[in-house]
Structures are given as C-alpha cells and as structure tokens.
2 protein chains.
Amino acid sequence: MNDLTDKDVYWWRPLDDTELDTRGKILFAAYKEIHVNGFQSASLSNILARTGVTKGALYHHFPNKTALGYAVVDEVIARRIQMSFIEPLAHFEDPIEGFIELVQNAGDSFSMTDIELGCPLSVLAQEMASIDEGFRVRLIGIYEQWHQSIADVLTKARDNGLIIEAVEPYSMAVTIAAIMEGSLSASKVAQNLQKLYHCGCGLTQLLQLIRTSPGAR
Amino acid sequence: MNDLTDKDVYWWRPLDDTELDTRGKILFAAYKEIHVNGFQSASLSNILARTGVTKGALYHHFPNKTALGYAVVDEVIARRIQMSFIEPLAHFEDPIEGFIELVQNAGDSFSMTDIELGCPLSVLAQEMASIDEGFRVRLIGIYEQWHQSIADVLTKARDNGLIIEAVEPYSMAVTIAAIMEGSLSASKVAQNLQKLYHCGCGLTQLLQLIRTSPGAR
DNA sequence: TATAAAGCATACCGACTGGTATGGATGTAG
DNA sequence: CTACATCCATACCAGTCGGTATGCTTTATA
C-alpha cells in the first residue's frame with residue numbers, strides 16, 4: 001500500500017531504461033517518504049533502507065534534511081504540477097469546453113494512490129508553510145504559477161467572448177484551483193472518489209454558468 | 001508567534017474565570033501544539049513544558065499519544081467547526097444572502113493566526129487521513145456533518161424557489177466547502193489575506209449565479 | 001477515623017532521530 | 001605513476017522521542 005504503482009510514477013521515471021543515478025534515487029525515495037509521512041516525520045533511515053543507498057551517499061549529495069526537502073519540492077513536486085496541471089491548459093481549443101472535459105475525466109486521471117495520499121503540493125504546503133520559510137516561498141511560487149496559468153486561460157476566453165464579462169479572471173482562477181485542491185483533500189479523508197465527483201459536478205456547473213452561450217446539452 | 005491570542009481562543013476558554021482543570025489544560029495545549037507542528041511531530045514534552053503539567057498527569061488522563069490526539073479531534077476541533085461553520089448556517093433568513101454576507105465578512109472573522117496556521121481540521125486531515133484510521137473516521141465525520149448542513153440550507157433554498165433548479169444541493173455543498181477550505185489553504189501558503197479575498201469573490205459570484213433573481217446590488 | 005481510589009510527581013528506559021568523522025574506492029588530469 | 005577530487009560506506013554520537021514503573025498526596029466514601 002505504501003509503494004507507488006507504475007501509473008503513479010510515469011511522470012518521474014526516465015523514458016528509456018537507464019537507471020536513475022544515486023542522487024535521483026534518493027530524491028525520488030525522499031519524495032515518496034515525504035508524501036506519505038510528511039516532511040518532519042519523514043525518516044532518513046527509511047529512505048536509505050528503501051533505496052539501498054547509505055547515509056554517506058545521502059550526505060554527500062545533500063548537506064542536511066532540509067536541503068533534501070527543498071530539492072524534492074524544486075525538482076519533483078514542481079515538475080509534476082507543471083506536467084499535470086499547468087501544461088494541459090495550453091492545449092485547450094475552447095478553454096471552457098477543455099476545462100469541463102478535464103474535470104470530468106479527472107476521476108480517471110487520478111490513481112487511487114493520489115486519493116489515498118492526497119495532492120503532494122497541498123499536503124506539504126499545509127504542513128510546512130507556517131514552519132519553514134524556505135518551503136513556503138517555494139510552494140507559493142508553484143501555486144502562483146498555477147493560478148496565473150488558469151487566469152490566462154480565462155482572460156483569453158473572456159477576450160474571445162466565451163465567458164461573461166462579470167468574471168474577474170484571476171479571482172475565478174484562484175477559486176477554481178481552490179475547488180480542485182479542496183476536492184482532493186475531501187476525497188483523501190473519505191478515501192473514495194465520491195467527493196471528487198461531487199466537486200466535479202459543482203465545478204462543471206460553475207463553468208457552465210460563466211459561459212456566454214448557456215451550453216447545449 | 002506560536003501562541004494564540006485572545007481572539008483565537010474565545011471559543012475555547014470558559015466564559016467565567018474558572019481555571020481549566022488539568023485535563024482541559026492538557027487538551028488545549030495539545031490542540032495548539034498539533035495545530036502548529038502536526039500530530040506526528042507534536043512533542044509531548046513541549047505540551048508538558050508549556051502547561052507545567054507533568055508526564056504522570058498526562059498519562060493518567062490519556063493512555064497514549066494517539067488517544068490524546070483523538071480527544072483533541074473529538075472535543076476541541078469538532079467543537080470549533082460546529083461553532084464557526086455549522087451553527088451559523090441555521091440562523092440565515094435568506095440562505096443565499098446570508099452565505100454571501102458570511103463570505104464577505106470572512107476576512108474579519110479570521111484572525112491572522114488562522115491564516116498562519118491554516119484550518120486545523122484540514123491540516124490534520126491532510127496529515128493523518130492516510131496514516132491512521134482512527135483519525136480518518138473522526139475527521140470524515142466532521143466533514144460529512146458540515147457538507148450535510150450546507151446541503152440542507154441549499155435544499156431549503158431550492159424548495160423556496162430561491163436558487164435555480166439545476167443545482168444539486170449536496171454536490172454544490174461539497175463544492176462550496178472545498179472552496180472555503182482551498183482558500184484557507186492558499187492563504188496559509190501566501191501568508192496574507194489576498195487569496196482569501198479572491199476566493200470570496202469567486203464564491204460570491206457562484207452564489208449570485210445560482211440565484212433565481214439575478215441579485216440586485 | 002480508617003480505607004480505597006483518584007490525581008499527580010519523579011525517575012528512568014529502550015528505540016530512534018538527524019548529523020558527523022573517517023577512511024576506502026574510483027575516476028581524472030598532469 | 002602521481003596527485004587530487006568525487007563518490008560513497010561504516011561506525012558512531014548526542015539528543016529526543018513516546019512510554020512505564022513506582023510512590024506520594026489529596027479527595028471521596030464508609
């Protein structure tokens with residue numbers, strides 16, 4: 001239960017069958033350990049035991065536990081958010097239609113591990129934002145990028161007359177992101193996809209309501 | 001910075017000036033420690049040092065750390081959510097108007113400590129839901145009660161013709177709750193109220209859009 | 001006033017934590 | 001072949017963790 005399936009890590013594993021180097025092994029094992037236990041309770045011994053790497057190697061590549069945590073945020077989490085939540089936004093033709101499709105397919109694109117463990121960004125943010133400034137600035141950077149990307153999509157849509165004028169793109173973007181994160185959080189506690197579906201309905205309805213054309217169907 | 005102000009604890013302190021008993025002191029100190037550091041990293045020694053209570057007293061009232069954590073959820077967190085988010089719902093005359101007012105006043109009703117530390121329910125849920133089943137069932141109980149309360153308000157509003165028929169009350173309730181939680185989460189990472197305001201705008205707009213009367217203003 | 005129970009204090013334990021000191025292997029440049 | 005840096009393995013450290021064993025004090029009960 002504690003280990004990730006192939007589906008969970010396609011975005012991390014190298015495409016060819018080259019082995020990860022030592023640093024990469026440590027980084028990914030640390031990501032998993034932190035995702036499960038949080039940063040503070042993440043045990044270096046666990047990470048080492050699971051990789052077969054020794055403590056000497058770890059402290060050769062990272063000066064201390066905190067630096068390892070920062071590297072996980074910068075190189076693993078940020079990369080995954082980018083691939084899963086930001087890049088897809090650019091490929092929408094009709095942004096609202098695209099969004100609705102993305103939301104309605106969300107159930108498939110999330111693995112059960114994602115539901116069990118929650119969004120790694122959100123989990124880490126909740127734990128560390130008020131404790132360590134280094135984590136906080138890294139995490140707010142990721143959030144800001146995400147919010148801005150959604151806002152850009154909405155701005156374009158409004159300029160093209162696809163959504164009503166009353167919508168303030170950035171506020172709506174933050175709200176949409178909040179729904180997505182809140183839904184994952186609720187689903188994690190429920191340990192099933194029901195809450196995710198409910199939020200999918202609510203978000204879809206919100207998107208329908210801000211469209212200029214009331215959306216056939 | 002780590003201690004709570006009077007404004008943060010009005011809901012916990014006894015109304016008269018009677019001292020809290022030993023059990024109450026432990027419980028409240030544990031709540032604070034857990035809110036700041038999370039459950040796993042919460043240190044019993046810290047709790048004891050801050051209260052002046054000794055370890056013998058602690059283990060007289062609670063069999064172990066986990067039981068203490070459960071008691072914090074049952075007796076402190078659940079009570080606060082009840083007072084802050086559930087009970088106010090019952091007193092709305094026009095539910096939509098009431099909601100909008102509640103949301104727009106949210107900036108005032110949240111202290112800066114709430115922003116710094118985040119929603120205690122959400123923080124604990126993110127950390128413990130996938131690790132300990134005892135925490136999970138307690139937390140999902142609180143969430144379910146909250147969602148159902150909002151759904152009841154929406155159902156009543158729909159029956160009275162105040163919101164459009166297309167709204168499915170429970171789904172919308174879960175979505176509204178997700179927005180509230182997601183906004184607090186984002187504000188915590190940003191360490192300011194901006195994100196909270198943006199989500200307030202988005203949520204207000206959503207509420208306006210599901211009203212039958214397009215809402216004078 | 002005798003007795004039992006509740007409430008609490010002190011001292012201590014083994015397990016585990018992040019971190020370090022040291023030395024050996026391997027690669028690379030001169 | 002030498003010299004030096006990179007990379008990593010082993011052993012160890014001081015400190016903290018949650019938890020326990022024991023005994024003293026206070027309160028309720030009879």
Side-chain angles (χ1 to χ4, degrees), chain A residues 2 14 18-76 124 127-128 131-135 138, chain B residues 2 14 18-76 124 127-128 131-135 138:
Chain A
N2 269 347
T18 55
E19 273 291 321
L20 285 174
D21 57 2
T22 303
R23 202 190 115 97
K25 276 189 208 166
I26 297 172
L27 214 46
F28 188 57
Y31 164 75
K32 292 196 288 184
E33 172 78 7
I34 290 173
H35 194 186
V36 174
N37 291 103
F39 174 75
Q40 297 182 95
S41 300
S43 157
L44 297 183
S45 315
N46 280 356
I47 296 174
L48 300 177
R50 210 121 20 140
T51 52
V53 173
T54 63
K55 194 165 272 194
L58 196 161
Y59 276 90
H60 171 74
H61 290 285
F62 304 95
N64 51 45
K65 188 187 178 185
T66 303
L68 173 60
Y70 291 170
V72 166
V73 177
D74 291 334
E75 301 177 40
V76 185
L124 202 54
E127 180 192 6
M128 298 305 295
I131 293 182
D132 185 290
E133 185 69 6
F135 274 100
R138 283 167 170 81
Chain B
N2 269 347
T18 55
E19 273 289 321
L20 284 175
D21 58 0
T22 305
R23 201 189 116 97
K25 275 188 207 165
I26 297 172
L27 214 47
F28 189 57
Y31 163 76
K32 292 195 289 183
E33 172 79 8
I34 291 173
H35 194 187
V36 174
N37 291 104
F39 174 76
Q40 298 182 95
S41 300
S43 158
L44 298 185
S45 315
N46 279 356
I47 297 173
L48 299 177
R50 212 128 8 150
T51 53
V53 173
T54 64
K55 196 165 270 194
L58 196 160
Y59 276 91
H60 171 74
H61 289 285
F62 304 95
N64 51 46
K65 186 187 179 184
T66 304
L68 173 61
Y70 290 169
V72 166
V73 177
D74 291 334
E75 301 177 39
V76 186
L124 201 54
E127 180 192 6
M128 297 307 294
I131 292 182
D132 184 289
E133 186 67 6
F135 274 102
R138 284 167 170 81

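Every chain is numbered from 1 and lettered A, B, ... according to where its sequence line falls, protein lines coming before strand lines. Predicted model, so just to flag it, every value in this text is computed and none were measured.
- As a whole-Å value, the separation of Ile26(B) CD1 from dG7(C) C1' is 11 Å.
- Nucleotide dA15(C) holds its P atom 17 Å from the CG atom of Asn46(A), rounded to whole Å.
- Remark: the Lys65(A) side chain and the dG19(C) base include no donor-acceptor N/O pair separated by less than 3.5 Å.
- For Ser43(A) and dC16(C), the shortest distance from a side-chain N or O to OP1 or OP2 is not below 4.0 Å.
- Spacing between atom CG of Leu44(A) and atom P of dA15(C) amounts to 20 Å, rounded to whole angstrom units.
- The distance from atom CD of Glu33(B) to atom CZ of Phe28(B), rounded to the nearest 0.5 Å, is 13.0 Å.
- Remark: His61(B) is in phosphate contact with dC8(C), judged by side-chain N or O atoms under 4.0 Å from OP1 or OP2.
- Nearer to the 5' terminus of DNA chain C, by closest-nucleotide assignment, is the contact made by Lys55(B) (compared with the other of Ala42(A) and Lys55(B)).
- OP1 or OP2 of dC7(D) has at least one side-chain nitrogen or oxygen of His60(A) nearer than 4.0 Å.
- For Gln40(A) and dC17(D), the CD to P distance is 12 Å, given to the nearest whole Å.
- Proximity of Leu44(B) to Leu68(B): side-chain heavy atoms (C-beta onward) are separated by under 4.5 Å at one or more points.
- Proximity note for Ala57(B) (side chain, C-beta onward) versus dC8(D), dG18(C), dA9(C): the nearest is dA9(C).
- Distance CG (Leu68(A)) to C1' (dG19(C)): 13 Å, rounded to an integer number of Å.
- What you find for Glu127(A) and Gln40(A) is that their closest heavy atoms are OE2-N, 3.0 Å.
- What separates CG of Leu58(A) from C1' of dA9(D) is a distance of 13 Å, to the nearest Å.
- If you find the closest nucleotide of DNA chain C to Ser41(A) and to Gly56(A), the one lying nearer the 5' end belongs to Ser41(A).
- Residue Asn64(B) contributes atom CG, which lies 12 Å from atom C1' of dT20(D) at whole-angstrom precision.
- When distances are taken from the side chain of Tyr59(A) to each of dC8(D), dG18(D), dT20(C), the shortest belongs to dT20(C).
- Side-chain N/O atoms of Thr54(B) include none lying less than 4.0 angstrom from OP1 or OP2 on dT10(C).
- Put simply, the side chain of Arg23(B) reaches to within 4.5 Å of the side chain of Glu75(B), judged on heavy atoms.
- Distance Asp21(A) CG to dC8(D) C1': 13 Å, rounded to the nearest Å.
- Between dC8(D) and Thr22(A), a contact under 4.0 Å exists linking OP1 or OP2 to a side-chain N or O.
- The shortest side-chain heavy-atom distance between Tyr70(B) and Thr66(B) falls under the 4.5 Å cut-off.
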